[in-house]
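Each remark here refers to the structure printed beneath this line.
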Number of protein chains: 2
Amino acid sequence: MSARRPALSVDVVSLTPHGRRLTVLLVRVGDSRSKERWELPNDAPRSDETIDEAAARVVRPTLGAQPAMLEQVAAFGDRRRHPSDAAVSIGYVALVASGASASLGGDAAWFPVDELPPIAPRQRAIVDGAMHAVRARLDQSPIAFRLLPSTFTLSQLQEIYELLLGRRLHKASFRRALHASWLVEPTDEWRSEGRGRPAQLFRYAPRKRRGSRRGVRFEGVSGT
Amino acid sequence: MSARRPALSVDVVSLTPHGRRLTVLLVRVGDSRSKERWELPNDAPRSDETIDEAAARVVRPTLGAQPAMLEQVAAFGDRRRHPSDAAVSIGYVALVASGASASLGGDAAWFPVDELPPIAPRQRAIVDGAMHAVRARLDQSPIAFRLLPSTFTLSQLQEIYELLLGRRLHKASFRRALHASWLVEPTDEWRSEGRGRPAQLFRYAPRKRRGSRRGVRFEGVSGT
DNA sequence: GACATTAGTCACAATTCGTGACTAATTCGA
DNA sequence: TCGAATTAGTCACGAATTGTGACTAATGTC
């Protein structure tokens, strides 16, 4: 039986915070030689499912449950190598709440995103693309909230933003902007973990937004 | 000969301004019946080319020259119908400078984006996705400049932004922000077209940008 | 030459933002 | 038991950015 070169693969980059760093889920592939190899969970879509459904199916076995968010990143169809040798790979990002990754399937493990073991060049590009997409959509989509449990402290939320943006934020500014955005509502619970004053717990609860359209921004327009 | 169901197609949404509206390039497909049918230029990628190369090949015959920018939008792999019946279609946007679409190939024509003739549902979704991507990347990528000739007046540039944003902008604000961004440099030419004071011509010439990182924005984070 | 039309600039009020300093509530160790 | 350390949360003020109307400039038209 000769496995024909598949036309397509669907590859999922699962992200979750571990401590103060973002981590990516990889699976160990049973290589007959002793050499240890890792790759992103991936598979060819079946003929009767959509690619979104394929991505959901691909994460299921490795992650215990379904992720808090699962979105397409892009299609990768250059000449870089892919484990399945697919002509085109479609990348997805899955966001997993911190602490929610209790029961990992078989040979799966979380790696800090900036210390991945060697993986196929195409999958490397998919991970980079996923990170790029996450950062780009951070202020358009409730990404940060998907990386946290359903209730969280504002310090935790700020920490996630700092993680994703890669820079420190000023506490007062962060809270002022958050307050103005009406994205979050206080619960009446407080958490006193470790030392220091206990923090109030909040939940993600976006209000209807009135059209607050601003002027044009030429923020990041550059050479390309 | 039975044409097997192809796994992939690459579909290109070419955009150019015509007067005060954005237009999309469609080709008439030779239907044996008298019914007139239109579709986005598309084809299956060949086994020896990347999908970017396939997209470039697809636009070539219909558009005279190469577009000023050609970028992937996303992969569309739901159950909506596509002319080629492909399992997955990869959408691209091509930006064409106004007036540069002199020699259209065979049965191609520009349609205002909000008055398209009936097309396959999947292609309809690709057009919507392309518009969405263009708007989302407008402040990250020099999109507006690709829809204009190499020199242009600031009023023309503002008109493009208003077209893409779908709202009016205040002249002084627009110019102040543009000035602060160092994206544009004056030529020593002036154009006196029609009545009114002649306008100075500018060209796109981005300067090195110093890191102007701002605070967090929760601009568009909402319910989804 | 008056007027309509388009380009380009100015200036000021209003808003937003960056920041340091403050108060509050808790744990830990002496 | 008290004080230092630690984390949460708020305030207020100067600086920077933004929205906006009004102004000047240069052209075509009648």
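What you see is a predicted model, and the numbers here were worked out from it, not measured in a lab. Because only heavy atoms are used, hydrogens play no part in the values below, and waters and symmetry mates are left out as well, while side chains stay in.
Partner of Phe218(B) under the ring-ring contact (aromatic ring centres under 6.0 Å, His included) criterion, out of Tyr161(A), Tyr204(A), Trp182(A): Tyr161(A) alone. Tyr92(A) pairs in a side chain to side chain donor-acceptor pair (under 3.5 Å) with only one of the listed residues (Asp11(A), Asn42(A), Asp52(A)), which is Asp52(A).
Per the geometry, CH2 belonging to Trp190(B) stands 9 Å off P belonging to dT27(D), to the nearest Å. Straight-line distance from the CG atom of Leu157(A) to the P atom of dG9(D): 12 Å, rounded to whole Å. Rounded to whole angstrom, the span from the CG atom of Leu201(B) across to the P atom of dT6(C) amounts to 17 Å. Atoms CD (Gln158(B)) and P (dG19(D)) sit 13 Å apart, rounded to a whole Å. Here the P atom of nucleotide dT20(D) and the CZ atom of Arg167(B) are 11 Å apart, to the nearest Å. At whole-Å resolution of the value, CG in Leu178(A) and C1' in dC17(C) are 16 Å apart. One atom, CZ of Arg175(B), and another, P of dT6(C), lie 13 Å apart when rounded to the nearest Å. Whole-Å rounding puts the His179(A) NE2 to dT10(D) P distance at 8 Å.
Mapping Arg217(B) and Gln156(B) onto DNA chain C by nearest heavy atom places Gln156(B) at the nucleotide closer to the 5' end. Ranked by how close their nearest DNA chain D nucleotide is to the 5' end, Gln200(A) and Arg176(A) are led by Gln200(A).
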Name the pairs: protein N/O against N/O of nucleotides 23-26 of chain D, kept only if under 3.5 Å.
residue : atom : partner   : partner atom : Å
dA25(D) : O4'  : Arg197(B) : NH1          : 3.3
dA25(D) : N3   : Arg197(B) : NH1          : 3.4
dA26(D) : N3   : Arg197(B) : N            : 3.4

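Here dT5(C) is the nucleotide among dT5(C), dA8(D), dG19(D) with the atom lying nearest to any side-chain atom of Arg195(B).
Within a 6.0 Å radius of CZ in Arg167(A), other residues, nucleotides and ligands contribute more than 12 heavy atoms.
For the residue pair Ser89(B)/Arg122(B), the side-chain donor-acceptor check at 3.5 Å is satisfied. With 3.5 Å as the limit, one finds a donor-acceptor pair spanning the side chains of Gln156(A) and Arg191(A). Side-chain atoms of Ser98(B) and His18(B) form no donor-acceptor pair, as typed in the model, at a separation below 3.5 Å.
Among the heavy atoms of the strands, none lies under 4.0 Å from Thr153(A). Counting any heavy atom pair closer than 4.0 Å across all strands shown, Ala172(B) reaches a base atom.
Distances shown here put a side-chain N or O of Ser155(B) below 4.0 Å from the OP1 or OP2 atom of dA7(C).
Between Phe202(A) and Phe152(A), a ring centre-to-centre spacing not shorter than 6.0 Å is recorded.
A donor and an acceptor atom sit less than 3.5 Å apart, one in the side chain of His170(A) and one in the base of dG20(C).
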